[in-house]
Each structure stands twice: as structure tokens, then as C-alpha cells.
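Data first, discussion second: the structure below is written as C-alpha cells.
Excluded from the calculations below are hydrogen atoms, water molecules and symmetry mates; all remaining heavy atoms, backbone and side chain alike, are included. Fair warning: this is a prediction, and the values are worked out from it, not measured in the lab. One-based numbering, in listed order, for ligands and for the atoms of each.
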Amino acid sequence: MRIDTHQHFWRYNPEEFDWIDDSMAALRRDFLPHDLEPELAAAGFDGSIAVQARQTLDETRWLLDLAASSPLILGVVGWVDLRSPDVRAQLDEFAGNPKLLGIRHIVQSEPDDRFLLQPDFLRGISLLEEFDLTYDILIYPKHLPVAAEFVQRFPRQRFVLDHLAKPPIKSGNLHPWDFGIRELAKSPNVFCKLSGLMTEADWRNWKPEHIEPYLDVALDRFGPDRLMIGSDWPVCKVAASYSRAMNMIREYFEKHPTDVQDAVLGENAQRLWKLT
Ligand SMILES: [Zn+2]
């Protein structure tokens, strides 16, 4: 099975999507399952995992509703307020829904660089194992040392790093991002999505060779059994079409054995989230 492990849906409005600035004007429209379906099919993918974009419980409910009516949506990474005293009740609401696979918080936008280690947040994370949910880590390279400490506190919790922690592809620098990746990848309970990378490159002029050194580091540190392809559609459209974004990653792995390709293009996600 070929699985796109990271994409978004939304009904656009300027208030809830104020991060879509003028440079990303192509994203100022609705993106719904009927927009994704032909893209998945053309790229040879069997399904996707829809990831939250808004930090509301309604976002989680809405994505689960979409997943219930679109068989291509294999699962949802939603949002609950992990810091809330009420978090258990929020998780309970979704506990019977097998399409909810994980939770994400937009940590990259939190003003506190040590947000992941705040006591209220840690308390929320401590509940996820019981609900059989993964947690998606969305951070910048500066947060990697804190993230390494964070995941060590929950050795049985399954984590997923989004977008390789957004490496500085545009600058061409590997350091100190690669040191941070090495420390985080030491925890075997962390998987990593190869997604959103073109968006970190020069949107107009990127070439595969700009991105490949970062994939080399990811493969070296995480190994082939913890990497998962993702499009970050529709956000990827600022830098690459759906098929171009997916083909760049797929072609990188064509020099590797077919079992490695199968792992990264779907089997690792199937195993992590018990998808059938
Ligand atoms: Zn995304």
C-alpha cells in the first residue's frame, strides 16, 4: 500500500487561516477530498492521512467526518487541547473512532521555545498511549534539543517528527540541524515524515540536489524503517505540484532496494498506525 502520511483539508477563510500570507495566495481557496483524489491517483497513492490545520475540537470532528465519507482518507491526526485540565474528556469524545490515529499541536508557533516540556502539556501527552494515539511533533530546528529530551520522557509513546523539523534547505546549511536530528533519532519511538521539504527550499528554483543531503541525514539517522513519505499538500503547492513533491522523494529512494522503497512509501505507516 502507498500512503501519503501528511496532507491537509480546509474551507478557506482569512480569519482562521491568517498564516496564509500574500506569498501563498494560491492556498486561499477550499481544499477538499475531491481535490485530493485525482492527485493521489495520478501519483499512484492508495490513501492519505489528513492532519489538523486549525487548533479546535471542531477541526478534529470535521476531519473525522470527512474520513467517514472518503475511503481514501485512511486516518486523521487531529487536535485536542493537551494542556487543558479537561483533556481526558476531550480524548474520550473520539475514543471510539478508529480513524483518529494521532494528535498534533502547532508547537512551532508557541512563543516558549521549551513549550514541549511545560508541565500541563506533558500531562496531556502522558494520556495518549492509553488512547493508542501517536503525537506529531511540528517544530523548527531550534526546538530539536528540547524535543529529544521530551521524547525520552515517554519511551512507550509513539512520536512522529513532521517535515524533518523544517531543515534550512534554502541556506544549504546542515549544522546544527543534523546534530539535533541525531539526538532525536536516538529514541527508537520516534518516526519521521519526509514531507514539506520543498517548502523549506527556494520555492521557484529548488532542485532535487538541494534536498537530497537532508534526506541522506534522515536515512542515516532514522534508518529505512522509521521514515514515511508525505506531500504536505496543499501547502506544497507554493513550491511544487502534488506529483512533483511526491516524485522527488520517491526518486531519491529508487537507488535503494525495493523493500526500502516499500517501507518508506507505505509499510512503515501501516505498521506505525496499524492500517489495513
Ligand atoms: Zn502540513
Side-chain angles (χ1 to χ4, degrees), residues 3-12 16-21 23-33 35-36 39-40 43 45 47-56 59-60 62-64 66-67 72-80 99-110 116 133-141 143-144 147 159-170 190-201 203 206 211 214-215 218 227-246 248-249 264 269 272-273:
I3 302 170
D4 174 357
T5 64
H6 194 108
Q7 52 78 209
H8 305 284
F9 295 116
W10 59 69
R11 288 191 191 280
Y12 178 72
E16 287 185 296
F17 295 91
D18 58 354
W19 56 270
I20 301 178
D21 61 23
S23 72
M24 299 190 228
L27 305 183
R28 286 179 172 156
R29 43 160 281 212
D30 295 351
F31 289 97
L32 296 167
D35 300 302
L36 178 65
E39 303 280 12
L40 278 175
F45 278 76
S48 75
I49 293 171
V51 179
Q52 62 81 220
R54 299 173 302 162
Q55 305 208 102
T56 63
E59 171 82 339
T60 310
W62 182 67
L63 291 173
L64 289 169
L66 292 182
L72 283 173
I73 306 172
L74 303 174
V76 167
V77 173
W79 183 90
V80 298
K99 292 274 181 166
L100 186 67
L101 305 179
I103 300 295
R104 182 174 90 151
H105 187 91
I106 303 182
V107 173
Q108 67 177 20
S109 301
E110 290 290 341
L116 287 169
L133 295 169
T134 57
Y135 178 76
D136 265 45
I137 303 171
L138 176 64
I139 53 171
Y140 293 123
H143 300 109
L144 278 166
F159 293 100
V160 180
L161 179 65
D162 282 5
H163 312 325
L164 263 178
K166 302 197 165 185
I169 298 171
K170 208 169 173 178
V190 184
F191 281 53
C192 178
K193 286 178 183 169
L194 303 176
S195 55
L197 298 173
M198 296 84 204
T199 323
E200 301 308 313
W203 292 356
W206 70 268
I211 294 171
Y214 300 89
L215 296 176
L227 298 178
M228 306 185 291
I229 193 170
S231 65
D232 200 26
W233 179 92
V235 182
C236 69
K237 288 165 69 74
V238 300
S241 67
Y242 186 91
S243 58
R244 190 161 168 240
M246 293 302 253
M248 192 266 130
I249 307 289
V264 174
L272 176 67
W273 285 301

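- The set of protein atoms (N, O or S) found at less than 2.8 Å from the Zn ion (ligand 1) reads His6 NE2, His8 NE2, Asp232 OD1, by chain and number.
- Geometrically, Arg29 engages Phe31 in a cation-pi contact, judged by NZ or CZ lying under 6.0 Å from the ring centre and within 45° of the ring axis.
- Gln7 and Ser231 form no side-chain donor-acceptor contact under 3.5 Å, judged by distance and modelled atom types alone.
- Between the side chains of His105 and Trp79, at least one donor N or O lies within less than 3.5 Å of an accepting N or O.
- Among residues two or more places apart in sequence or in another chain, the side-chain contact (heavy atoms from CB on, under 4.5 Å) test is passed with Glu200 by Lys166, Ile169.
- You'll find the ring centres of Trp233 and Trp10 outside the 6.0 Å limit.
- A donor-acceptor pair under 3.5 Å links the side-chain atoms of Lys99 to the main chain of Ile73, judged by distance alone.
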